[in-house]
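Below you'll find the structure, written out as structure tokens, and then a few comments.
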Amino acid sequence: RYNAVYQQLSFIAEHYDSVIMISGSREFSATRDVFEQVAAKLRDEGTAVTVINSRTKSGAHGLLVLQAACLAARGCSHEEIAKKIEHALPRARMIVSMADYKSMVNSGRLSPLQSFIPALFNLKPLVTLDKEGRDKLFAAALNRKAGLNKIVDAVKKINGEEPIGSYCIVHTGAPELAETCRRAIADLLEKEPEYVMEGSATAALTTGRGALAVCTLSDPEKESCVRC
């Protein structure tokens with residue numbers, strides 16, 4: 001893995017003055033450790049490299065990368081981009097509605113005992129991430145419609161605290177639910193998402209089929225990211 005990452009990043013370093021890597025949460029990937037090792041070697045070779053632990057994943061991670069790309073397109077320096085992204089980390093949120101608790105139990109993120117009662121009543125879990133990027137049960141819903149309503153309420157609350165500059169929707173085999181969600185959030189925020197897409201195979205394994213995630217990036221300075 002080290003050699004593959006080094007080859008790719010050294011190739012990038014040949015074409016750019018500096019490199020900023022925004023990794024997925026350390027809690028979900030060991031790749032960040034490899035990034036750090038490769039970054040140290042590239043620094044020794046004279047390339048300015050910064051590795052940022054996003055402490056998030058999936059669409060929220062994507063919003064941070066998109067924000068960094070937009071900042072670069074605006075002409076911000078390496079240091080400015082890294083500083084702004086670090087400042088944005090606590091404002092990247094993700095709320096996931098799952099069809100059941102099986103994937104959380106199978107992946108070890110929830111014990112069978114913790115899931116027994118909710119599963120007994122066939123409740124649908126809603127999960128978010130804590131400050132360190134670990135899964136955290138957010139709420140439970142009686143059905144998918146109720147789960148969607150809880151997501152919309154959560155987005156409304158986030159937007160009330162800090163205006164949402166950008167958001168996206170990611171799903172695992174639930175395009176109709178994603179479209180219903182898109183309409184509801186677009187009406188609420190009066191803006192379309194940066195993207196709506198199906199999650200990766202890895203996401204499907206960790207959340208289960210039929211999961212829906214709404215990811216937001218609040219922007220108190222109201223500098224919403226415009227596509228470059």
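As a basis for the values below, the full set of heavy atoms in this structure was taken, side chains included, without hydrogen atoms, waters or symmetry mates. Just so it is clear, the model here is predicted, and its values are computed rather than measured. All residue numbers in this chain count up from 1 along the given sequence.
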Partners passing side-chain contact (heavy atoms from CB on, under 4.5 Å) against [X] (at least two apart in sequence or in another chain):
| X | result |
| --- | --- |
| Ala154 | Ile95, Phe138 |
| Ile12 | Leu9, Tyr16, Val19 |
| Asn159 | Pro163, Ile164, Leu189 |
| Ala184 | Val152 |

Nearest heavy atoms of [X] and [Y], plus distance in Å:
| X | Y | result |
| --- | --- | --- |
| Gly147 | Ala141 | N-CB, 3.4 Å |
| Gly59 | Tyr195 | O-OH, 3.3 Å |
| Val51 | Ala39 | CG2-CB, 3.7 Å |
| Val196 | Ala178 | CG1-CB, 4.1 Å |
| Leu64 | Ala88 | CD2-CB, 4.0 Å |

Residues in side chain to side chain donor-acceptor pair (under 3.5 Å) contact with [X], at least two apart in sequence or another chain:
| X | value |
| --- | --- |
| Asn3 | none |
| Thr47 | none |
| Glu80 | Ser77 |
| Thr180 | none |

Quick check for you: to the nearest 0.5 Å, what is the distance between [X] atom [atom1] and [Y] atom [atom2]?
| X | Y | atom1 | atom2 | value |
| --- | --- | --- | --- | --- |
| Thr216 | Asp219 | OG1 | CG | 11.5 Å |
| Thr50 | Ile81 | OG1 | CD1 | 10.0 Å |
| Lys124 | Asn143 | NZ | CG | 8.0 Å |
| Lys191 | Ser166 | NZ | OG | 7.5 Å |
| Arg55 | Ser23 | CZ | OG | 10.0 Å |
| Leu188 | Lys156 | CG | NZ | 7.0 Å |

Hey, are the side chains of [X] and [Y] touching, using non-hydrogen atoms and a 4.5 Å cut-off?
| X | Y | result |
| --- | --- | --- |
| Val127 | Lys136 | no |
| Tyr167 | Arg93 | no |
| Ser18 | Val49 | no |
| Val96 | Leu212 | no |
| Lys57 | Leu129 | yes |
| Ser218 | Ile158 | yes |
| Ile20 | His78 | yes |
| Leu177 | His171 | no |

Partner set under salt bridge (Lys or Arg N to Asp or Glu O under 4.0 Å) for Asp130, not counting sequence neighbours: Arg134
With sequence neighbours excluded, residues passing salt bridge (Lys or Arg N to Asp or Glu O under 4.0 Å) with Glu45: Lys41
Residues Val214, Cys181; criterion side chain to side chain contact (heavy atoms under 4.5 Å, CB included); working and verdict: CA-CA 8 Å; Val214 174; Cys181 181; 3.4 Å; yes
Is there a donor-acceptor contact under 3.5 Å from the side chain of [X] to the main chain of [Y]?
| X | Y | value |
| --- | --- | --- |
| Thr172 | Ala211 | yes |
| Glu198 | Gly173 | yes |
| His61 | Ile22 | yes |
| Tyr6 | Leu42 | no |

Crowding at CG, Leu142 (>12 non-hydrogen neighbours, <6.0 Å): no
Worked check of side chain to side chain contact (heavy atoms under 4.5 Å, CB included) between Gln67 and Leu217: CA-CA 9 Å; Gln67 186 73 5; Leu217 183 59; 4.1 Å; yes
Residue among Pro193, Ser54, Cys215 satisfying side chain to side chain contact (heavy atoms under 4.5 Å, CB included) with Leu63: Cys215
Salt bridge (charged side-chain N to carboxylate O under 4.0 Å, His left out) contacts in which one or both residues fall within residues 140-150, not counting sequence neighbours: none
Pairs flagged by salt bridge (charged side-chain N to carboxylate O under 4.0 Å, His left out) wherever residues 166-190 is involved - sequence neighbours left out: Glu179-Arg182, Glu179-Arg183, Arg182-Glu192
